[in-house]
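Following: one structure in structure tokens, then a few remarks.
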There are 2 protein chains.
Amino acid sequence: MSRVTIADVASAAGVSKTAVSFAFNNPERLGQATLERVLGVAHDLGYTPHPAARALSMRRSGTIGLLIPQSLSMVFANPFLGELIQGLGELCEEHDLTLLLVPPLDGSLEGAIRQAAVDGFISLGLVPDDRAIEVLDGLGVPTVLIDSDESPAHPVVNVDDRSGAQAAATHLLELGHRQLAIVVLPPARAEMSYTPTATRRLAGYNVAIEAAGAPTPHLVSAGISVAAGTRAFESLPSGKRRPTGVLVMSDMAAIGVINAANAAGIRVPEDLSVVGFDDLPVAPWTNPPLTTVRQPIVEKGRLAASMLIERMKGKSVASPAPLSTTLVVRASTAEVAATDLPIKRR
Amino acid sequence: MSRVTIADVASAAGVSKTAVSFAFNNPERLGQATLERVLGVAHDLGYTPHPAARALSMRRSGTIGLLIPQSLSMVFANPFLGELIQGLGELCEEHDLTLLLVPPLDGSLEGAIRQAAVDGFISLGLVPDDRAIEVLDGLGVPTVLIDSDESPAHPVVNVDDRSGAQAAATHLLELGHRQLAIVVLPPARAEMSYTPTATRRLAGYNVAIEAAGAPTPHLVSAGISVAAGTRAFESLPSGKRRPTGVLVMSDMAAIGVINAANAAGIRVPEDLSVVGFDDLPVAPWTNPPLTTVRQPIVEKGRLAASMLIERMKGKSVASPAPLSTTLVVRASTAEVAATDLPIKRR
DNA sequence: CCGCTTTACTAAAGCGGTTTTTGGGGCCTC
DNA sequence: GAGGCCCCAAAAACCGCTTTAGTAAAGCGG
């Protein structure tokens with residue numbers, strides 16, 4: 001009961017393999033009668049070209065790979081990826097492409113890359129000189145980077161993390177907050193330093209804080225899950241050094257912070273202001289609704305996919321300007337409480 | 001600057017292609033010295049076996065396909081899929097597999113299937129006699145069905161939709177609601193009837209309603225997005241025939257219903273009780289927190305993936321019993337208001 | 001009826017690997 | 001010193017498809 005091959009169809013229809021192949025890919029090169037006969041026989045036999053054989057022969061698999069630096073269960077816990085895929089998906093479907101999710105296999109992204117039969121890669125959060133990207137380059141597979149550093153070798157799609165972060169910090173400072181904490185995104189892979197995204201956001205926060213002459217904020221690193229946000233809250237200083245405002249680099253972690261605060265009897269926003277980052281669809285529904293920095297995630301995916309598709313056609317594309325971010329003020333931020341005002345401390 | 005092939009490595013190392021292949025796949029068949037030399041040369045040249053060629057030759061691609069009946073942008077708007085992929089992903093990574101998302105291409109799932117070089121398929125929400133599944137069978141690719149009907153030909157992973165739905169309806173009825181509406185999941189594909197899931201949930205709702213002798217509920221069909229829920233609410237009867245309780249087959253749509261109700265000045269749960277289905281992570285954060293039926297989505301993915309992997313090894317696996325569902329009561333449901341009590345109408 | 005182009009189809013050479021089979025020494029054994 | 005074994009490595013077949021180059025027959029103007 002093995003698979004029906006092109007040779008089976010050919011002999012059943014009394015023609016050559018070539019004719020069968022033409023029937024599907026080059027019908028105008030066949031006579032009307034033969035064409036119909038071949039197609040008929042192929043259909044009766046339930047013939048489908050073997051995708052791998054086709055890919056090998058045509059040097060094209062009809063698939064693009066999404067390079068994910070962490071495990072799938074980790075990264076899909078954050079709706080961010082779902083949003084991104086919505087954007088990628090639109091373009092993929094438009095161009096008859098399927099999307100392969102490529103997480104590290106056996107701890108190694110490079111190994112996973114080698115195994116992936118794709119026409120192009122979209123990399124998420126990897127710096128251009130990551131080993132994995134170098135492997136990609138060696139292979140000559142077109143690649144587009146999302147949330148990375150500027151690179152001469154690759155087109156890169158970014159948002160204006162810095163301005164967004166700066167706006168978030170400024171917002172808190174204008175509400176009178178001085179004692180701030182920052183919840184930083186963790187490195188994509190254990191041995192690395194901050195992700196490019198985290199670095200830019202951190203810079204944005206700090207610009208505003210320094211400009212306002214506020215004290216150096218307390219830094220905590222936390223994953224992108226609600227649970228990680230909870231842990232981050234618990235590691236914040238308490239007592240009189242407790243921050244009155246927290247800048248969180250991810251909405252999911254921000255939700256964790258809010259939950260943990262509520263559980264600890266600290267009211268948001270009365271006792272603690274929280275600002276997220278992303279503006280995920282859940283942001284308006286949290287309790288209280290989350291003040292956050294909006295970034296156009298779906299658009300990011302769409303743009304990256306369209307650029308990759310251009311590259312796959314052999315055209316060269318330039319990195320676009322970073323997409324703009326905007327602060328969305330909801331109810332998780334408020335003026336600092338009177339008792340927390342710096343003036344009280346004098 | 002074309003790709004480095006096995007032949008390049010072979011000639012550079014002064015050996016045959018066989019030796020190079022053995023160096024990677026069968027190292028013990030090579031002498032120590034040759035092995036090291038070949039591996040060294042391969043590394044220097046940056047050689048990586050061509051995945052498609054490898055797949056063709058080995059009859060194995062190291063990829064499993066997730067068959068998605070709708071467009072990616074549609075289906076990823078619901079966190080359900082992200083949850084499911086968390087479960088699938090765990091098993092994939094454990095077994096060094098990557099995950100290919102296969103939505104309909106050019107409107108045709110079958111076409112997309114043919115193009116996908118995978119070792120097995122997981123199908124979401126398709127009935128066993130769907131054309132797409134038939135194509136799969138013809139190909140002899142192992143397949144596991146999620147959210148489908150019982151099938152002798154395929155293992156299928158389901159949850160106990162019926163009991164869950166029945167519990168949800170019973171809950172509302174016990175709170176005194178009589179005038180109910182049901183928001184049904186739409187067919188997976190335009191030409192089809194209700195999905196297996198929708199059918200089972202509907203049956204569960206109806207069992208409870210009939211047992212309580214309540215009037216026939218109003219039926220509305222709506223997609224799985226918030227916006228669809230909003231539209232569903234707007235098409236509910238108003239005036240004295242307005243339902244006091246709504247049973248929604250998806251949390252996202254339930255959120256839309258709540259939003260729309262709030263916007264229309266109808267309070268949840270005082271004026272309207274809403275029950276969802278899924279218990280997505282957002283359910284506790286909605287305003288008010290959503291009463292809903294919990295189904296173990298991640299577990300569903302895990303189970304389906306592990307079954308598929310067994311099948312891919314040639315073992316045959318039986319469909320497990322439906323995973324259990326439980327009603328989670330939160331704040332979106334309450335006793336029917338006095339003015340709505342049937343007794344008032346007499 | 002001859003040479004030329006078209007039309008309709010086929011043979012064979014890839015695509016880049018894996019795997020089965022074959023063969024060439026070197027070392028033992030009797 | 002011939003035969004037998006083992007160890008390594010190479011040759012060749014194969015996976016299933018596409019595509020180039022080529023051929024036989026048909027069409028056609030003169």
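Just so we're on the same page: letters track the sequence lines, and every chain starts at 1.
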message: Please report the distance, rounded to the nearest Å, between CE in A/M58 and P in D/dT20.
response: 11 Å

- line: From CD1 of A/I6 across to P of D/dC14 the rounded distance in Å is 18 Å

Could I get a table of every N or O pair under 3.5 Å where one atom is in the protein and the other is in nucleotides 22-28 of chain C?
none

- request: Determine whether more than 12 heavy atoms belonging to other residues, nucleotides or ligands lie under 6.0 Å from atom CE of B/M74.
  value: no

Any donor-acceptor N/O pair, A/T5 side chain to A/R3 backbone, under 3.5 Å: no

Within residues 33-51 of chain B, residues whose heavy atoms come under 4.0 Å of DNA chain D: B/T34

message: For a quick check of understanding: with a heavy-atom distance under 4.0 Å over all strands, which category does A/L30 fall into, base, sugar-phosphate or nothing?
response: sugar-phosphate

- prompt: NA contact type, B/N26, heavy-atom cut-off 4.0 Å: base, sugar-phosphate, or nothing?
  reply: nothing

message: Testing the 3.5 Å rule here: is there a donor-acceptor pair between the side chains of A/E36 and A/Q32?
response: yes

- request: Look at the side-chain N and O atoms of B/R54 and state whether any lies under 4.0 Å from the OP1 or OP2 oxygen of C/dG16.
  value: no

Rounded interatomic separation in angstrom, taking CZ from B/R3 and C1' from C/dG17: 11 Å

message: Distance check needed: C/dG16 C1' versus B/N25 CG, whole Å only.
response: 13 Å

For atom CZ of A/R114 and atom C1' of C/dG16, their distance in whole Å: 16 Å

field: Euclidean distance, atom CD of residue B/E28 to atom P of D/dA9 [Å, nearest integer]
entry: 13 Å

- line: side-chain contact (heavy atoms from CB on, under 4.5 Å) with A/L67: of A/D130, A/I122, A/L124, A/I113, only one passes, and it is A/I113

- line: Within residues 10-22 of chain A, those residues having any heavy atom closer than 4.0 Å to DNA chain D are A/K17, A/T18, A/S21, A/F22

Whole-Å distance separating the CZ atom of A/F24 from the P atom of D/dG16: 16 Å

- prompt: Are any of the side-chain nitrogens in A/D147 or A/K300 under 4.0 Å away from the carboxylate oxygens of its partner?
  reply: yes

